Amino acid sequence: MTDPLISWRECAGSAVLLDGFHALKHALRFGAEVRMAVATDRRAALALADELAGDVRDRLDALLTQVSAEAYASLVPRPHPTGVAALAVRPSREANLRTLAHTPRTAPVVVLDDPRNLGNAGAVIRLAAGFGATGVVTTGTLDPWHPTVVRGGAGLHFATAVERLDVGELPSGPLFALDPEGDDIRGVKLPDDAVLAFGSERSGLSAELRARADHLLALPMRPQVSSYNLATSVAMTLYHWSASGGAPSAS
């Protein structure tokens with residue numbers, strides 16, 4: 001039998017790390033090709049599947065290999081409380097770009113303009129997947145498939161198209177950029193094919209993206225409050241879109 005630690009290290013360089021039970025659960029639900037999975041307590045992981053993820057329990061049973069806590073800790077940068085980790089194949093860039101470019105769209109694309117915080121980016125991807133957004137695009141240097149971003153996204157990178165693009169490569173569609181000087185979002189109906197852009201946590205929208213925007217929108221905010229967290233801003237905007245009739249699919 002092949003040593004699972006050797007197999008893991010052979011695959012790890014080109015694979016997406018799924019950190020924790022919930023990341024693995026979501027990835028399986030949304031069609032990820034999982035190469036291998038390990039658990040420090042296989043029985044406990046399957047019991048968790050019985051409780052929370054019966055739809056993927058059989059696949060987990062076939063995938064999970066038990067390893068010692070020490071071996072598990074050597075495979076991941078930060079051990080997860082569930083003691084579960086897996087390696088999956090990253091979706092092809094070509095497939096994601098086709099998804100982002102396909103029209104007509106039935107849900108917006110979220111753009112994070114030069115984001116800086118890996119955890120915030122992961123939280124946004126989780127939100128976008130929950131609302132059924134077409135995809136999440138980042139500009140700038142942050143890698144949206146960085147292990148910390150995937151951890152923050154709880155495996156939901158596989159539920160939406162996630163890519164890094166230049167501003168000039170953004171998908172078509174009316175571009176609504178969030179900016180304190182914009183019009184109150186409450187007076188605007190966001191179309192399903194909208195491109196929703198959010199500036200970086202530190203410096204806001206870049207001049208290039210701001211110049212390209214078709215509309216500037218502002219979220220309601222109490223005077224003397226400087227800003228919202230990035231993920232909060234995305235959540236409020238996607239909720240506004242969904243409340244206008246763009247509800248997530250129930251399928």
Side-chain angles (χ1 to χ4, degrees), residues 1-99 115-126 128-129 135-136 138 141-164:
M1 179 179 294
T2 304
D3 184 330
L5 301 187
I6 295 174
S7 298
W8 181 283
R9 290 181 176 118
E10 288 176 347
C11 293
S14 60
V16 176
L17 173 64
L18 300 172
D19 207 355
F21 174 85
H22 299 290
L24 175 55
K25 168 193 74 178
H26 283 138
L28 287 173
R29 281 179 174 167
F30 290 98
E33 180 185 340
V34 177
R35 291 181 172 176
M36 63 182 303
V38 298
T40 56
D41 188 336
R42 190 176 185 279
R43 181 178 298 179
L46 292 176
L48 198 56
D50 287 331
E51 179 184 357
L52 301 175
D55 55 318
V56 297
R57 198 268 185 200
D58 290 345
R59 282 180 284 171
L60 286 168
D61 190 17
L63 281 167
L64 284 170
T65 297
Q66 182 149 329
V67 296
S68 69
E70 293 77 14
Y72 166 74
S74 75
L75 299 177
V76 296
R78 184 165 50 130
H80 192 275
T82 58
V84 172
L87 296 174
V89 177
R90 177 172 171 169
S92 76
R93 179 174 173 84
E94 292 74 18
N96 278 340
L97 292 179
R98 284 196 299 271
T99 297
R116 304 301 176 89
N117 185 285
L118 296 167
N120 278 347
V124 167
I125 290 165
R126 189 171 184 173
V136 177
T138 64
T141 59
L142 183 143
D143 177 7
W145 285 87
H146 186 283
T148 302
V149 182
V150 177
R151 183 182 179 117
L156 286 163
H157 282 61
F158 293 91
T160 190
V162 178
E163 286 297 335
R164 177 169 50 185

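As the structure is a prediction and not an experimental result, all values here were calculated from the model. Every heavy atom of this structure was used, including side-chain atoms; hydrogens, water molecules and symmetry mates were not. All residue numbers in this chain count up from 1 along the given sequence.
Side-chain atoms of Leu24 and Leu60, non-hydrogen and from C-beta on, do get closer than 4.5 Å to each other. Proximity of Thr40 to Pro79: side-chain heavy atoms (C-beta onward) are nowhere separated by under 4.5 Å. With contacts defined as side-chain heavy-atom distances shorter than 4.5 Å, the pair Leu28/Val34 qualifies. Phe158 has its side chain within reach of Leu18: a pair of non-hydrogen atoms, C-beta onward, lies under 4.5 Å apart. Annotation: side chain of Pro91 is in contact with side chain of Trp145 (closest heavy-atom distance under 4.5 Å). Residues Leu52 and His22 have side chains in contact (heavy-atom distance under 4.5 Å, counting atoms from C-beta outward). Using a 4.5 Å heavy-atom threshold, the side chains of His80 and Val84 count as separate. By the 4.5 Å heavy-atom criterion applied to side chains, Pro4 and Val67 are counted as neighbours.
The number of heavy atoms from other shown groups lying within 6.0 Å of CZ (Arg57) is above 12.
Remark: Arg90 pairs with Glu163 by the salt bridge (Lys or Arg N to Asp or Glu O under 4.0 Å) rule, at least two apart or across chains. For Phe21, there are no ring pair (Phe, Tyr, Trp, His ring centres under 6.0 Å) partners at least two apart in sequence or on another chain.
A pairwise comparison of heavy atoms in Arg35 and Ser14 identifies NH1-OG, 3.5 Å as the closest pair. Between Gly119 and Asn117, the shortest heavy-atom contact is N-OD1, 2.9 Å. Arg164 approaches Thr141 most closely through the heavy-atom pair NH1-O, 2.6 Å. Across every non-hydrogen atom of Ala86 and Ala37, the tightest pair is CB-CB, 3.7 Å. When all heavy atoms of Leu5 and Asp3 are compared, the pair lying nearest together is N-OD1, 2.8 Å.
Note: Leu63 CG to Arg59 CZ = 9.0 Å, rounded to the nearest 0.5 Å. Note that NZ of Lys25 is 8.5 Å distant from CG of Leu156, once rounded to the nearest 0.5 Å. Here the OG1 atom belonging to Thr138 is positioned 7.5 Å from the CG atom belonging to Asp143, to the nearest 0.5 angstrom.
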Item to complete: Please test Asp61 against Leu46 for side-chain contact (heavy atoms from CB on, under 4.5 Å), starting from the C-alpha separation and ending with a verdict.
Response: CA-CA 7 Å; Asp61 190 17; Leu46 292 176; 3.6 Å; yes

Worksheet entry | Evaluation steps, side-chain contact (heavy atoms from CB on, under 4.5 Å), between Leu17 and Val76 | CA-CA 8 Å; Leu17 173 64; Val76 296; 4.2 Å; yes

Worksheet entry | Residues Leu118, Arg151; criterion side-chain contact (heavy atoms from CB on, under 4.5 Å); working and verdict | CA-CA 9 Å; Leu118 296 167; Arg151 183 182 179 117; over 6 Å; no

Practice prompt. Quick one: do Arg9 and Leu75 satisfy side-chain contact (heavy atoms from CB on, under 4.5 Å)? Show the steps, please.
Written response: CA-CA 8 Å; Arg9 290 181 176 118; Leu75 299 177; 4.0 Å; yes

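Using modelled atom types, one side-chain atom of Gln66 and one backbone atom of Arg42 make a donor-acceptor pair closer than 3.5 Å. Side-chain atoms of His26 come within 3.5 Å of backbone N or O of Ala154 as a donor-acceptor pair.
Here Arg29 pairs with Asp55 in a salt bridge; the nearest charged N to carboxylate O distance falls below 4.0 Å.
Side-chain contact of Ser92 with Arg98: a donor-acceptor pair under 3.5 Å is absent, judged by distance alone.
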